Visitor: 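After the structure tokens below, expect a handful of questions from me.
FYI, the numbering just counts along the sequence from 1. A quick note: this is a predicted structure, and the numbers were derived from the prediction, not measured.
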Amino acid sequence: MPIIKVEMFSGRTVDQKRQLAKALTDSFINVCGGKPQSVHIIIEDVDKANWGIGGELCSDLYPDPKPAGGA
């Protein structure tokens with residue numbers, strides 16, 4: 001039972017996650033063989049404030065864009 005775990009910033013839609021799960025499964029089966037039903041995909045959304053790179057929080061490194069017309 002292969003398990004593919006993806007940790008990424010929050011913000012993707014369910015449809016994007018659905019497409020990712022399908023693409024990862026198809027790619028795994030293409031390269032390694034097996035049955036799609038045996039491939040498990042775990043997607044974990046991580047808030048930028050809970051992820052650090054080089055001693056800095058990603059929320060500081062990559063702030064979300066401010067809404068148009070915002071102060």
Side-chain angles (χ1 to χ4, degrees):
M1 162 179 79
I3 299 171
I4 300 171
K5 185 172 181 182
V6 178
E7 296 179 48
M8 61 184 180
F9 294 145
S10 302
R12 274 50 172 227
T13 66
V14 172
D15 190 54
Q16 287 173 313
K17 293 176 188 180
R18 188 177 290 117
Q19 290 178 48
L20 178 60
K22 174 84 168 100
L24 290 171
T25 299
D26 291 347
S27 185
F28 185 93
I29 297 304
N30 184 46
V31 173
C32 298
K35 296 180 181 179
Q37 297 83 357
S38 69
V39 179
H40 293 240
I41 309 292
I42 300 170
I43 300 172
E44 185 174 350
D45 288 329
V46 180
D47 189 85
K48 289 180 184 181
N50 295 329
W51 193 312
I53 299 173
E56 297 184 61
L57 293 178
C58 289
S59 55
D60 296 330
L61 294 170
Y62 311 108
D64 292 331
K66 297 189 190 287

Visitor: For L20 and L24: C-alpha separation, side-chain torsions, deciding distance, then whether side-chain contact (heavy atoms from CB on, under 4.5 Å) applies.
Guide: CA-CA 6 Å; L20 178 60; L24 290 171; 3.8 Å; yes
Visitor: Report the C-alpha separation of D64 and K48 in whole Å, then their side-chain angles, then the decisive distance to 0.1 Å, and conclude whether the side-chain contact (heavy atoms from CB on, under 4.5 Å) test is met.
Guide: CA-CA 9 Å; D64 292 331; K48 289 180 184 181; 2.9 Å; yes
Visitor: Can you see which heavy atom on S59 is nearest to which on A49, and at what distance?
Guide: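 Result for this residue pair: OG-CA, 3.6 Å.
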Visitor: Test of understanding: with side-chain hydrogen bond (donor to acceptor under 3.5 Å, both in side chains), list the residues that count as partners of D45, not counting sequence neighbours.
Guide: K17
Visitor: Would you list the pairs meeting ring pair (Phe, Tyr, Trp, His ring centres under 6.0 Å) in which at least one residue belongs to residues 8-61, sequence neighbours left out?
Guide: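 Pairs touching residues 8-61 that pass the test: F9-W51.
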Visitor: Check which hydrophobic residues are tied to I3 through side-chain heavy-atom contacts below 4.5 Å, counting indirect links as well, and list them.
Guide: M1, I42
Visitor: Applying salt bridge (Lys or Arg N to Asp or Glu O under 4.0 Å), can you list everything that pairs with R18, at least two apart in sequence or on another chain?
Guide: D15
Visitor: Identify the heavy atoms of I41 and A21 that sit nearest to each other, and give their distance.
Guide: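 Nearest heavy atoms, I41 then A21: CG1-O, 4.0 Å.
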Visitor: Is any side-chain heavy atom of S38 closer than 4.5 Å to a side-chain heavy atom of P2?
Guide: yes
Visitor: Just jot down the side-chain hydrogen bond (donor to acceptor under 3.5 Å, both in side chains) partners of N30, sequence neighbours excluded, or say none.
Guide: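 Partners of N30 by the side-chain hydrogen bond (donor to acceptor under 3.5 Å, both in side chains) criterion come out as none, since no residue qualifies.
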Visitor: Could you list all the salt bridge (charged side-chain N to carboxylate O under 4.0 Å, His left out) pairs where at least one residue sits in residues 25-36, not counting sequence neighbours?
Guide: K22-D26
Visitor: Does any non-hydrogen side-chain atom of C58 lie less than 4.5 Å from one of I53?
Guide: yes
